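Below: the structure, in structure tokens.
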Amino acid sequence: MADEIEFDRSATTPAGEVARLSPLVRRIIAGNGGPMTFTGTCTYIVGHGTVAVIDPGPDDPAHVESVLTALRGETVSHIVVTHTHRDHSPAVPALKAATGARVVGCGPHRPSRELGPGEGRVLDAAADTGYEPEWLMRDGDTVSGAGWSLSAVETPGHTANHLAFTLAEEATLFSGDHVMAWSTSIVAPPDGSMAAYMASIEKLRGLEHARYWPGHGGPVTEPQRFLRGLVQHRRQREAAVLSRLGQGDETIAAMVPAIYQGLAPALHGAAALSVLAQLEDLVLRGAVQASDAVPALSSRYRLA
């Protein structure tokens, strides 16, 4: 169909290399490539002379040094953070110590809902719990420099505190991990919320951007078409979950192999969390019942 997702998994620039993406945007990719990060986390430099750095990346001295080398002779006025997963924000202290820039963007890490038994450990494993912004930006808040401005767009879903940022001068959006060209975003409770994620997708469908620069991989070049594809994809995943329930599957462990046929074993854990996110949303909407007050990976589920 016309709006099916066409993922772009073409090679990006090597880790540590500065790529000129547009008149106002440069990118440096961290050396943390993997199944969940594709070729690595994208750190963006916006502007010239006085610049902003978006998502400094993991706590990796080599990546920080690459960013600082690219910034030689320039002033960093703002360090801007989309969300607080360990591949995006832990380099903030090192970059701030080297530049004195103001740290702005998303708030501290938090769960998307009440935590169930043992979920605090899961949350902390992925989170940069030491991050504290000097200015917690809300929807529409803007930072600016010579020839550029970045306005916050609240996009919870991948995480509760996720922000995207509009660069009005180029009609582009730094979409973080909310929308990426190489893959769908993982929505993994208790970090993420499928209901919030879908609402944020609908929010972006009401905005006009010519291009997205995501947290991993290359650009989303037809944002509106891609967003329609994401909605269709999630509807298909929801239908698959409801079908498995209708066929008698009661556990996430039983559903994952049937829904994600051919998936690499290394990604089964992420797939299970994605199914949990779908079930959590279906329970919230009254379509499914769970055996526990807080739906969990170990819960049993049935159609309402």
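Being a predicted model, the structure only gives us computed values, none of them experimental.
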message: Using salt bridge (charged side-chain N to carboxylate O under 4.0 Å, His left out), reason through Glu202 and Arg205 one step at a time and then give a plain yes or no.
response: CA-CA 5 Å; Glu202 290 302 321; Arg205 291 178 73 181; 3.1 Å; yes
From CA spacing to verdict: ring-ring contact (aromatic ring centres under 6.0 Å, His included), His85, His109: CA-CA 8 Å; His85 277 156; His109 205 85; 5.7 Å; yes
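Arg86 contributes no side-chain N or O that, together with a main-chain N or O of Ser89, makes up a donor-acceptor pair within less than 3.5 Å. The main-chain N or O of Ala164 is never found under 3.5 Å from a side-chain atom of Ser175 such that the two would form a donor-acceptor pair. Judged by distance alone, the side chain of Asp191 and the main-chain N or O of Ala188 form no donor-acceptor pair under 3.5 Å. Counting only distance, with no hydrogens or angles, the side chain of Thr69 and the backbone of Glu65 share a donor-acceptor pair below 3.5 Å. Tyr44 places a side-chain N or O within donor-acceptor distance of the main-chain N or O of Pro214, the cut-off being under 3.5 Å.
Taking CD1 of Ile252 as the reference point, atom OH of Tyr301 lies at 4.5 Å (rounded to 0.5 Å). Going from atom SG of Cys106 over to atom CD of Glu154 covers 11.0 Å, rounded to the nearest 0.5 Å. Atom-to-atom distance recorded for Arg110:CZ and Thr159:OG1 is 8.0 Å, nearest 0.5 angstrom. In this structure, NE2 on His178 lies 5.5 Å from OG1 on Thr155, to the nearest 0.5 angstrom. One finds the OG1 atom of Thr37 at 6.5 Å from the CG atom of Asp87 (value rounded to the nearest 0.5 Å). Atom CG in Leu173 sits 12.0 Å away from atom CH2 in Trp213 (nearest 0.5 Å).
Around CD of Glu114, the count of heavy atoms belonging to other residues, nucleotides or ligands within 6.0 Å does not exceed 12. No more than 12 heavy atoms of other residues, nucleotides or ligands lie within 6.0 Å of CZ in Arg302, so this atom counts as exposed by the packing criterion.
Side-chain atoms of Leu267 and Tyr260, non-hydrogen and from C-beta on, never get closer than 4.5 Å to each other. Side-chain atoms of Glu6 and Glu222, non-hydrogen and from C-beta on, never get closer than 4.5 Å to each other. Here the side chains of Phe174 and Val25 are in contact, with some heavy-atom distance below 4.5 Å. Considering only heavy atoms from C-beta on, Pro56 comes within 4.5 Å of Ile79 through its side chain.
Checked options Asp60, Asp177, Asn32, Asp55; the residue passing with Thr41 is Asn32 (criterion: side chain to side chain donor-acceptor pair (under 3.5 Å)).
Nearest heavy-atom pair across Tyr197 and His158 is CD1-N, 4.4 Å. When all heavy atoms are compared, the tightest approach of Val256 to Ala271 is CG1-CB, 4.0 Å. Between Ala52 and Val80, the shortest heavy-atom contact is CB-CG2, 4.3 Å. Pairing each heavy atom of Gly192 with each of Val187, the nearest pair is C-CG1, 3.9 Å. Across all non-hydrogen atoms, the minimal contact from Leu163 to Gly105 is CD1-C, 3.4 Å. Residues Ala160 and Pro111 share a closest heavy-atom pair of CB-O, 3.8 Å.
No continuous path of hydrophobic side-chain contacts links Trp135 to Tyr131 [ILVMFWY only; heavy atoms under 4.5 Å]. Note on Ile54 and Val104: same hydrophobic cluster, where clusters join Ile, Leu, Val, Met, Phe, Trp and Tyr whose side-chain heavy atoms are under 4.5 Å apart, directly or indirectly.
Under the side-chain hydrogen bond (donor to acceptor under 3.5 Å, both in side chains) criterion, the residue pairs touching residues 271-281 are Arg113-Glu280, Asp281-Arg285, with sequence neighbours excluded.
His216 and His88 have perpendicular rings, their planes meeting at more than 60° on a 0 to 90° scale where under 30° would count as parallel. Between His78 and Trp148, the angle of the ring planes goes over 60°, which puts this pair in the perpendicular group of the 30/60° scheme.
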